[in-house]
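Right, one structure below, let's go through it.
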Amino acid sequence: MPELPEVETVRIFLKKNVIQKKILSIKIEDSNLRFQISNEIPIKLRNSMITKILRRGKYLIFLYSNDYALLFHLGMTGYFRLTDSYKKKKHDHIVFIFSEEKLIFNDIRKFGFVKIYKKQRIFTSKHIKNLGPEPLSKAFDFEYFHKNLNRKTNIKNLLMNQNFVSGLGNIYCSEILFDSQVKPTRSVKSLKDKELKRIIGSAKKILKNSIKLGGTTIKNFIVSYEEIGYFKNNLMVYGREGCNCMRCKKSILVKKINQSGRSTFFCTECQL
DNA sequence: AGGGCTACCTGTACGC
DNA sequence: TGCGTACAGGTAGCCC
């Protein structure tokens, strides 16, 4: 599920609901994730509180009132739920117990993880240190894009590369290239200036809009890909193989191809 | 160094 | 109904 807008939606939800609340205890229900959950976490964070929640690409960073920070990645199926009466569910991994509620991290496929760091070390961790600029930041602009055109890959794979730009995943890359009318297989060095500008503009527009939609759809205390309808309802091309293109309206123009093992969708007529 | 491929894991949908 | 297979929005780590 979670690409930048989804992770940002989770961040906003958690910021509203668990900041400055004292953690009485932490229980590891199942330490088996992409990386084993450290049993230092309950010890180091007991009686502290989250003071800040940041997002970098698809990662969430929780800063605590002591020296520590947690780095979360949701993988494909990770989600949080906040509840006042904890009933254990399949694939629950870690439970943060506040005085009146509990925050649970659940991850079916175990591609997600949580790691503990000393605060000052988190941005130099191997996960964070090489990430490319945030796509919504000023750093992701024409000049930056242009500097990276010497790469030997296609535009879909470039946008998917977290070290080029952080936070875009398989769905948003298809959507961005559809919006900017660029064919996903185009080699990076073949791109014209005006196409680069369109891609940057489309990326920022689509991400902003999706974050806005995410914010309007939080209606309960579960933040998961099933519960948040947000962008799913607004897809223009992803998952629409064999359907009419929503721009040029011609029938059966949306095609699904495989790029580096992932599905890409595009219109054969209006993406050049 | 950079890019491509595979492994990791569980659930679901679909064809037979 | 059951079984086998393909596929799913993630990254790390290996290989070239």
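Everything numeric here is computed off the predicted structure, so don't read it as measured data. Just the heavy atoms: all of them, side chains too, but no hydrogens, waters or symmetry mates, feed the values below. Naming convention: chains lettered A, B, ... in sequence-line order (proteins, then strands); numbering from 1 in each chain.
Phosphate proximity of dG2(B) to Asn163(A): absent, as no side-chain N or O sits under 4.0 Å from OP1 or OP2. Residue His91(A) places at least one side-chain N or O under 4.0 Å from the OP1 or OP2 atom of dG11(B). For the pair Lys110(A) and dT10(B), the criterion of a side-chain N or O lying under 4.0 Å from OP1 or OP2 is met. Neither OP1 nor OP2 of dC7(C) sits under 4.0 Å from any side-chain N or O of Ser263(A). The shortest distance between the side-chain N/O atoms of Lys152(A) and the OP1/OP2 oxygens of dG4(B) is not below 4.0 Å. The phosphate of dG10(C) (OP1 or OP2) has no side-chain N or O of Arg34(A) nearer than 4.0 angstrom. Using a 4.0 Å cut-off, no side-chain N or O of His127(A) falls inside it from OP1 or OP2 of dT11(C). Residue Lys156(A) places none of its side-chain N or O atoms closer than 4.0 Å to OP1 or OP2 of dG4(B). Remark: Thr153(A) is in phosphate contact with dG4(B), judged by side-chain N or O atoms under 4.0 Å from OP1 or OP2.
Cation-pi geometry between Lys115(A) and Phe35(A) is met: under 6.0 angstrom from the ring centre, within 45 degrees of the axis.
At whole-Å resolution of the value, CG in Asp92(A) and C1' in dT10(B) are 15 Å apart. Remark: C1' of dA8(C) and CE of Met76(A) are 5 Å apart, rounded to the nearest angstrom. Atom CZ in Phe164(A) sits roughly 17 Å away from atom C1' in dA1(B) (whole-Å rounding). Taking atom CG of residue Asn258(A) and atom C1' of nucleotide dA6(C), one finds them 12 Å apart after rounding to whole Å. Per the geometry, CD belonging to Gln162(A) stands 16 Å off C1' belonging to dG4(B), to the nearest Å. Gln259(A) has its CD atom 10 Å from the P atom of dG4(B), to the nearest Å. Distance, Phe35(A) CZ to dC8(B) C1': 11 Å, rounded to whole Å. Atom CG in Leu33(A) sits roughly 12 Å away from atom C1' in dC8(B) (whole-Å rounding).
Rounded to a whole angstrom, the distance from the P atom of dC5(B) to that of dC7(C) is 16 Å. dC14(C) and dC9(B) have their P atoms separated by 16 Å, with the value rounded to a whole Å. Using atom P as the reference point in both dA1(B) and dT11(C), the two lie 22 Å apart (nearest Å).
If you look at Phe72(A) and Phe62(A), their ring centroids are closer than 6.0 Å. Aromatic ring centres of His127(A) and Phe113(A): separated by under 6.0 Å.
Residues Glu6(A) and Tyr79(A) bring no donor and acceptor atom of their side chains to less than 3.5 Å of each other. For the residue pair Asn130(A) and Asn163(A), no side-chain donor N or O sits within less than 3.5 Å of a side-chain acceptor on the partner.
Pair check for dC9(B) finds none; no Watson-Crick or G-U wobble contact set falls under 3.5 Å.
Using a 5.5 Å limit on the distance between ring centres and a 30° limit on the angle between planes, the aromatic ring of Phe111(A) does not count as stacked on the six-membered base ring of dT11(C).
Between the base of dA8(C) and the side chain of Arg109(A) there is a donor-acceptor pair shorter than 3.5 Å.
In this structure, the nucleotide among dG4(B), dT11(C), dG10(C) sitting nearest to the side chain of Asn170(A) is dG10(C). Set against dT11(C), dA8(C), dG13(C), the side chain of Lys58(A) has dT11(C) as its closest nucleotide. Set against dG3(B), dT11(C), dC5(B), the side chain of Arg262(A) has dT11(C) as its closest nucleotide.
Using a 4.0 Å heavy-atom distance criterion, Gly261(A) is classed as making no nucleic acid contact.
For the pair Glu241(A) and Lys255(A), the salt-bridge criterion is not met [side-chain N within less than 4.0 Å of a carboxylate O]. A salt bridge does not link Asp84(A) to Lys102(A): none of the charged side-chain nitrogens sits closer than 4.0 Å to a carboxylate oxygen.
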